[in-house]
Amino acid sequence: MNDPERNKQTARRFLEASGKHDAETFAALMCEDATYWTLGKPHLFDYCGEKARADICAYMATPSIFVGGVETSFGAITAEDNRVAVEAETRGTLPDGRVYTNQYHCLFEFRDGLILRVKEYLDSQAAAEFFSKG
């Protein structure tokens, strides 16, 4: 059964768990065959491209590089059928004091109340430049 309001809450919880590298919550909100795709060219920035659930969950099980994780603020969240679109912005501080921010648009596809697919759109060029200066 599809519940757009519940799906919106799940998408928000998922992004908050991602920001804190809360691997347990992150994994619990996904279907076993879920995928996570990020806009960009993987040969220019490793984070980009499509990842299987096992790969993205393994990454979330590692400590965040940001002190205390990243804070996520939300803009519009829209749901229709089995999809949820989320506008968000993150802000995180590295141990060296540099602050990383980026804006995101994420499109979630749900199946049986769990996340089946995530498509993340961000300024991957800004992210690649920021992290190459470390």
Side-chain angles (χ1 to χ4, degrees):
M1 181 159 139
N2 186 42
D3 182 345
E5 286 305 312
R6 180 175 171 226
N7 291 348
K8 286 166 62 173
Q9 293 171 2
T10 299
R12 186 180 173 115
R13 285 182 53 215
F14 182 83
L15 291 175
E16 290 170 337
S18 172
K20 303 297 182 197
H21 277 229
D22 177 352
E24 187 175 329
T25 299
F26 186 87
L29 299 175
M30 300 177 83
C31 296
E32 288 299 318
D33 57 340
T35 58
Y36 196 113
W37 173 87
T38 303
L39 176 70
K41 299 180 181 190
H43 70 281
L44 298 176
F45 189 48
D46 288 342
Y47 185 72
C48 298
E50 186 165 271
K51 308 278 191 264
R53 179 185 186 274
D55 295 327
I56 195 73
C57 288
Y59 170 71
M60 284 298 153
T62 65
S64 175
I65 62 170
F66 298 101
V67 178
V70 299
E71 293 298 319
T72 305
S73 57
F74 294 94
I77 301 176
T78 306
E80 181 178 313
D81 297 326
N82 67 335
R83 293 177 312 280
V84 175
V86 179
E87 294 176 344
E89 184 171 343
T90 59
R91 177 183 175 87
T93 304
L94 292 173
D96 67 8
R98 292 186 303 137
V99 176
Y100 174 72
T101 61
N102 209 326
Q103 287 91 26
Y104 301 82
H105 182 274
C106 295
L107 180 63
F108 293 85
E109 183 181 336
F110 285 80
R111 182 177 67 207
D112 299 326
L114 295 174
I115 296 165
L116 177 62
R117 286 192 181 80
V118 180
K119 292 178 85 174
E120 177 184 292
Y121 301 85
L122 72 153
D123 185 345
S124 56
Q125 180 64 37
E129 287 177 6
F130 179 87
F131 291 111
S132 71
K133 294 178 182 176

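Owing to the predicted nature of the structure, the values given are computational and were not obtained by experimental measurement.
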Atom pair CD (Q9) and CG (L29), whose distance is rounded to the nearest 0.5 Å: 11.5 Å

Are L116 and M30 in one and the same hydrophobic cluster, where Ile, Leu, Val, Met, Phe, Trp and Tyr link if side-chain heavy atoms are under 4.5 Å apart? no

Closest heavy-atom pair, N7 versus N82, reported as atoms and distance to 0.1 Å, is ND2-CA, 4.5 Å

Describe, in one word, how the ring planes of H21 and Y59 are oriented to each other, choosing from parallel (under 30°), tilted (30 to 60°) and perpendicular (over 60°). perpendicular

So, for A79 and V84, which heavy atoms are closest and what is the spacing to 0.1 Å? CB-CG2, 4.0 Å

Identify the heavy atoms of G40 and P42 that sit nearest to each other, and give their distance. O-CD, 3.5 Å

Smallest separation among heavy atoms of V70 and G92, with atom names: CG1-CA, 3.8 Å

Could you measure the distance from the CD atom of Q103 to the OG1 atom of T90? Nearest 0.5 Å is fine. 8.0 Å

Atom pair CZ (R53) and OG1 (T35), whose distance is rounded to the nearest 0.5 Å: 12.0 Å

Indicate if I77 and V118 have the same hydrophobic cluster label, given that clusters are the connected sets of ILVMFWY residues with side-chain heavy-atom separations under 4.5 angstrom. yes

Between F110 and F74, is there shared hydrophobic-cluster membership here, with clusters defined by ILVMFWY side-chain heavy atoms closer than 4.5 Å? yes

Going hydrophobic residue to hydrophobic residue with side-chain gaps under 4.5 angstrom, can you get from L94 over to Y100? yes

Which residues satisfy the side-chain contact (heavy atoms from CB on, under 4.5 Å) test with K119, sequence neighbours excluded? W37, L107, Y121

Distance flag, aromatic centroids of F108 and F14, threshold under 6.0 Å: yes

Under a plain distance cut-off of 3.5 Å, with no hydrogens placed, do Y104 and N102 share a side-chain donor-acceptor pair? no

Between H105 and A85, the two heavy atoms sitting closest are NE2-CB, 3.7 Å

If you measure from the Lys or Arg side-chain nitrogens to the Asp or Glu carboxylate oxygens, is any gap between E16 and R12 under 4.0 Å? yes

Return each pair, listed once, that meets salt bridge (charged side-chain N to carboxylate O under 4.0 Å, His left out) where at least one residue sits in residues 40-52; pairs must be two or more places apart or across chains. none

Result of checking I115, I56, L15 against F26 for side-chain contact (heavy atoms from CB on, under 4.5 Å): I56

Nearest heavy-atom contact between E120 and C106 is CG-SG, 4.0 Å

Please enumerate all residues that pass side-chain hydrogen bond (donor to acceptor under 3.5 Å, both in side chains) together with T25, with sequence neighbours excluded. D22

Report yes if the side chains of K20 and S64 come closer than 4.5 Å at any heavy-atom pair, otherwise no. no

Taking D96 for its side chain and R98 for its backbone only, find out whether a donor-acceptor pair lies under 3.5 Å. yes

Distance from R117 atom CZ to R83 atom CZ, nearest 0.5 Å? 12.5 Å

